[in-house]
Amino acid sequence: MKIATWNVNSLRVRLPQVLRWLDVHRPDVLALQETKTEDRDFPADEFQRSGYHAAFTGQPAYNGVALLARDPPHELLTALPGSDDPQRRVLAATVGEVRVLNVYVPNGQSLDSDKYRYKLEWLAQLNRWLGELLHHYPRLVVLGDFNIAPEDRDVHDAEMWRGQVLVSAAERAAFRSLLDQGLTDSFRLFEQAGGHYSWWDYRAAAFRRNLGLRIDHILLSAELAARCHGTRIDREPRAWERPSDHAPVTTELS
DNA sequence: ATGGTGGCGCGGCCA
């Protein structure tokens, strides 16, 4: 089973790239973030023609998450439990025997921002939900744009980034809490080296110079981690014309 | 050079 995640930074702009990528890689599940698409405008028909069912929760201009799946997704949830947050950042569904939780974690903007406090509170809510999720769904994958580089080796220049948003100690502690509850960063099951990134700023030719961060993750419950054969970051679409600033990440499970 | 690029939507916000 192939499960992938991709922050597309506008599905309207990136639809041809997503269809192209799906056609080549044929994942069983693709989680999208930053669709920036209202539900009534979601291009479900286009994905249907490519053999994918779609589940989605979106809003105009910002946020928005979706799941594309070859088998129909069911038991949909579109928010953190008990949350009345209007920002569309969560989509959970069951596909086959796997529970999939697609997240678009808030960016946080800067450490002195209200958005940073919102990010940490959002992560605390996710952490509070996770124990229950793992209890109910031993085959759980939590994936998406976490907007956190977990360790210095996930950052192109750790000294330059030190203390900034996406790498701060509080964000990393929140990410670590997800792992401590029983999730595994599937990328690190197979690759220990630095220099592997999933996001590169549009500015300053960051991709060409590989000045990136690894902030898109596929986290697996113990049962799924034991079945994981590999997780890779596909840099190819980042080099296409008019790319997303994020690369897709894919994991393979037996 | 507190810049740079991109998306949304048409001014300013967000990443």
Side-chain angles (χ1 to χ4, degrees), chain A residues 5-21 30-43 46 56-66 83 85-91 102-123 126 143-150 154-168 170-172 174-175 197-217 233-249:
Chain A
T5 179
W6 194 4
N7 179 322
V8 291
N9 185 20
S10 168
L11 184 55
R12 186 177 65 81
V13 173
R14 236 65 71 187
L15 179 60
Q17 298 191 18
V18 175
L19 291 170
R20 175 180 171 184
W21 193 86
L30 173 59
L32 302 176
Q33 302 86 38
E34 284 205 272
T35 57
K36 302 185 176 180
T37 302
E38 290 180 85
D39 290 350
R40 66 163 184 268
D41 296 326
F42 194 90
E46 311 244 23
F56 42 87
T57 181
Q59 64 183 91
Y62 300 111
N63 308 312
V65 285
S83 168
D85 188 353
Q87 300 190 29
R88 312 318 301 161
R89 297 180 175 277
V90 170
L91 183 55
N102 176 15
V103 296
Y104 174 45
V105 176
N107 173 284
Q109 196 165 62
S110 63
L111 267 58
D112 59 358
S113 167
D114 288 341
K115 295 185 181 68
Y116 182 74
R117 285 185 284 280
Y118 165 68
K119 179 180 196 172
L120 295 180
E121 178 49 36
W122 196 98
L123 286 163
L126 177 62
L143 79 174
D145 177 359
F146 287 76
N147 270 313
I148 299 170
D154 302 309
V155 180
H156 68 90
D157 183 341
E159 277 313 308
M160 191 192 89
W161 276 85
R162 196 162 310 287
Q164 296 196 60
V165 76
L166 311 185
V167 310
S168 74
E171 292 164 85
R172 286 178 167 178
F175 186 84
Y197 310 125
S198 65
W199 169 85
W200 302 261
D201 198 296
Y202 283 121
R203 298 165 288 190
F207 179 66
R208 181 176 60 72
R209 301 193 285 158
N210 197 30
L211 307 181
L213 302 180
R214 194 175 68 89
I215 58 176
D216 300 271
H217 307 295
I233 302 168
D234 182 7
R235 296 162 52 97
E236 185 180 314
R238 186 61 178 79
W240 291 347
E241 287 291 318
R242 216 176 172 194
S244 168
D245 45 353
H246 294 252
V249 183

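In what follows, every chain begins at residue 1, and chains take the letters A, B, ... in the order their sequences are listed. Values reported hereafter were calculated over all heavy atoms of this structure, with side chains retained and with hydrogens, waters and symmetry mates removed.
- Atom OH of A:Y118 is separated from atom C1' of B:dA15 by 14 Å (rounded to the nearest Å).
- Nucleotides B:dG11 and B:dA1 have their C1' atoms positioned 24 Å apart, rounded to a whole Å.
- Note on A:F207: nothing from the nucleic acid sits closer than 4.0 angstrom, heavy atoms only.
- Whole-Å rounding puts the A:D216 CG to B:dA15 P distance at 15 Å.
- The distance between atom CH2 of A:W199 and atom P of B:dC14, rounded to the nearest whole Å, is 17 Å.
- Rounded to a whole Å, the OH atom of A:Y116 is 18 Å from the C1' atom of B:dC14.
- A:R14 forms no cation-pi arrangement with A:W6, by the criterion of a distance under 6.0 Å to the ring centre and an angle within 45° of the ring axis.
- For the C1' atoms, the distance linking B:dG9 with B:dC14 amounts to 13 Å, nearest Å.
- In this entry the distance linking CD1 of A:I215 with C1' of B:dA15 reads 9 Å, nearest Å.
- In this structure A:R235 satisfies the salt bridge (Lys or Arg N to Asp or Glu O under 4.0 Å) test with no other residue, sequence neighbours excluded.
- Residues passing the side chain to side chain contact (heavy atoms under 4.5 Å, CB included) test with A:E121, sequence neighbours excluded: A:A124, A:Q125, A:R128.
- Listed by chain and number, the residues in a ring-ring contact (aromatic ring centres under 6.0 Å, His included) with A:F146 are A:F175, A:H217 (sequence neighbours excluded).
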(Q) I need a per-nucleotide contact map over nucleotides 1-10 of chain B, read 5' to 3'. Cutoff is protein heavy atoms under 4.0 Å; write B for the base, S for backbone only, - otherwise. (A) ---BBSSSS-
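- The ring-ring contact (aromatic ring centres under 6.0 Å, His included) test applied to A:Y116 returns no partner, not counting sequence neighbours.
- Residues passing the side chain to side chain donor-acceptor pair (under 3.5 Å) test with A:D201 are A:R203, sequence neighbours excluded.
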